[in-house]
Amino acid sequence: MIERPHKKLIVWQNAIEFVKRIYVLTNKFPEGGKFGLISQLRRTAVSVPTNISEDAARNTKKEFIQFLYIASGSLSEVDTLLTISNEINYINLTEYNSVNEMMGKISALLNRLIKKLKEDLKT
């Protein structure tokens with residue numbers, strides 16, 4: 001089996017764990033949220049690792065940076081959806097803070113990778 005380049009990225013590994021956490025959290029949401037908030041949260045969370053992996057296998061750093069920015073934007077969208085989930089009591093503050101900490105770590109990893117790729121482009 002061929003090892004894909006994105007699987008070696010710590011940011012991708014963290015994003016996969018993040019998606020799993022979102023699925024566990026949203027399993028607790030009331031049935032009424034099933035087709036709105038739950039599906040949007042899951043779809044947006046999945047967008048983070050998929051955008052990281054989508055371009056990691058390509059050879060152009062410029063395109064990879066663009067996909068990393070998209071992943072970062074998806075994290076911001078998840079943050080908004082989680083804030084709403086907390087405000088309407090679908091998740092409590094402890095759950096929100098735990099997931100928010102994961103998002104902060106992923107965001108920092110994305111920013112470091114983007115910075116490194118940009119520096120590589122200059123050389």
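If you read the sequence from its start, that first residue is 1, and numbering goes on from there.
Of the inter-residue distances, the one linking E119 atom CD with L117 atom CG reads 9.5 Å to the nearest 0.5 angstrom. Atoms OH and CD1, on Y96 and I84 in that order, are 10.5 Å from each other to the nearest 0.5 Å. Of the inter-residue distances, the one linking I91 atom CD1 with T83 atom OG1 reads 8.0 Å to the nearest 0.5 angstrom. Between R21 atom CZ and M103 atom CE the span is 11.5 Å, to the nearest 0.5 Å.
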*Given side-chain contact (heavy atoms from CB on, under 4.5 Å), test I52 with L110 step by step and report yes or no.*
CA-CA 9 Å; I52 293 166; L110 282 169; 4.0 Å; yes

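Judged by distance alone, the side chain of E101 and the main-chain N or O of S98 form no donor-acceptor pair under 3.5 Å. Side-chain N or O atoms of N14 include one that pairs as donor or acceptor with a backbone N or O of I10 at under 3.5 Å.
Cluster annotation: I16 is connected to L41 through the hydrophobic network of ILVMFWY side chains, with a link wherever side-chain heavy atoms come within less than 4.5 Å. Linking Ile, Leu, Val, Met, Phe, Trp and Tyr residues whenever their side-chain heavy atoms come within less than 4.5 Å leaves W12 and Y23 in two separate clusters. Cluster membership check: V99 does not share its hydrophobic cluster with V24, using side-chain heavy-atom separations under 4.5 Å among Ile, Leu, Val, Met, Phe, Trp and Tyr.
At a threshold of 4.5 Å between non-hydrogen side-chain atoms, the residues L109 and L9 do not count as touching.
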Donor-acceptor pairs under 3.5 angstrom involving side-chain atoms of residues 65-75: please list them, not counting sequence neighbours.
unit_1, atom_1, unit_2, atom_2, d
Y69, OH, K118, NZ, 2.7
S74, OG, S47, OG, 2.8
S74, OG, I70, O, 3.3

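Partners of K122 by salt bridge (charged side-chain N to carboxylate O under 4.0 Å, His left out), not counting sequence neighbours: none found.
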